[in-house]
Amino acid sequence: MFTDEEIIHRILDGEDYLYEALIRKYNQRLYRISRSIVHDEDEVEDIMQTAYLNAYLNLAGFKGKSTFATWLTKILINESLLHKKRQSKRSQVSLEKLDSNYNYETPLSSLMNSELKAVLEESIAKLPEKYRLVFVMRELEDMSTNETMDALDLTESNVKVRLNRAKEMLRDVLSGHYKSSDVYDFHLSRCDKIVNRVMAEISSAIDIRDHKRD
DNA sequence: CCGCTAGAAACATGGGGCAG
DNA sequence: CTGCCCCATGTTTCTAGCGG
């Protein structure tokens, strides 16, 4: 097993195909996080694709100031927010779109009552974006407070209080306890789809780059 | 025992709405 | 317009628990 940093070194040394391993590793995380900003699945796919591509093209600029995971997450969040901003400019109607998009599939079998899961997903989706983002990153993706604050450019205390308030809001809706591990699951076919697309984009990007070099 | 982290509570601030 | 209140948000501070 190689660390991300080792893989990146090898990619920069010419082993471009290794980028696929990184994509597969972080697909689930990026999907959930982007999905907590943008509701439409297809749009999330596009955003992830763009984020992976941007990350790849700027890989040489990654200096290891934070971890690769955080760096990549940051790129994704920026891309997601950018997309959302563009979209809200085009059409002001976003509210009615919210409800129709909650019913996406969560393929893995779970111990959780499906009705409860649906309620939980809906409740999460209804959280204000800042709370939802922190909640998804901390609770669903198991990111540390430090990772989360780096990715979102927040203070430590702010991450803590947002997480607690998110939970508080969810508690108001959900009586009793909840199990969050299988919310926002990432469908495997979707994973392959994105991997293939990004690797295709990368190979053409490499062609262009090599062309320019000549 | 020490250091780190999470969480809860108290406190501070800033904006929006509203009566006068 | 002004003063006031309420609400959302962020910071500070304290406590508890966990592992080295």
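Below, all heavy atoms of this structure are taken into account, side chains as well, without hydrogens, waters or symmetry copies. Each chain gets a letter, A, B and so on, in the order its sequence line appears, and its residues count up from 1.
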Show me the protein contacts with nucleotides 7-10 of chain B, counting only N or O atoms at under 3.5 Å.
residue : atom : partner   : partner atom : Å
dG7(B)  : OP1  : Lys167(A) : NZ           : 3.3
dA8(B)  : OP2  : Asn164(A) : OD1          : 3.2

**Report entry** Separation of atom CG in Asn158(A) from atom P in dT13(B), rounded to whole Å
**Finding:**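 For the pair Asn158(A) CG and dT13(B) P, the rounded distance is 16 Å.
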**Report entry** Tyr131(A) or Ser157(A), whichever maps to the more 5' nucleotide of DNA chain C
**Finding:**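 Its nearest nucleotide lies further toward 5', so the answer is Tyr131(A).
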Side-chain heavy-atom pair [X], [Y] within 4.5 angstrom cut-off:
X	Y	value
Glu156(A)	Asn146(A)	no
Tyr56(A)	Leu22(A)	no
Glu129(A)	Leu81(A)	yes
Lys130(A)	Val134(A)	no

Query raised in the report: Taking only residues two or more places apart in sequence, or in another chain, which ones meet Asp153(A) in a salt bridge (charged side-chain N to carboxylate O under 4.0 Å, His left out)?
Result: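 Asp153(A) satisfies salt bridge (charged side-chain N to carboxylate O under 4.0 Å, His left out) with Lys74(A) once adjacent residues are dropped.
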Query raised in the report: Does the side chain of Thr145(A) get closer than 4.0 angstrom to OP1 or OP2 of dA6(B) through an N or O atom?
Result: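 Answer yes for this pair, as a side-chain N or O of Thr145(A) is under 4.0 Å from OP1 or OP2.
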Query raised in the report: Any donor-acceptor pair under 3.5 Å linking the side chain of Arg132(A) with the backbone of Ser36(A)?
Result: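 Yes, because the side chain of Arg132(A) sits within donor-acceptor range (under 3.5 Å) of the backbone of Ser36(A).
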Query raised in the report: Would you say the side-chain atoms of Tyr52(A) pair up with the backbone N or O of Asn27(A), donor to acceptor, closer than 3.5 Å?
Result: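 Indeed, once roles are kept as given, a pair shorter than 3.5 Å links the two residues.
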Report task. Report which part of the nucleic acid Thr155(A) touches: base, sugar-phosphate, or nothing (heavy-atom distance under 4.0 Å, all strands). Result ->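 Sugar-phosphate contact only.
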Query raised in the report: Which is the 5'-most and which the 3'-most nucleotide of DNA chain C that has an atom under 4.0 Å from a heavy atom of chain A?
Result: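 Terminal contacting nucleotides, 5' to 3': dT9(C) to dT12(C).
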Query raised in the report: What orientation do Phe68(A) and Phe62(A) show, parallel under 30°, tilted 30 to 60°, or perpendicular over 60°?
Result: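 Perpendicular, since the angle between the ring planes exceeds 60°.
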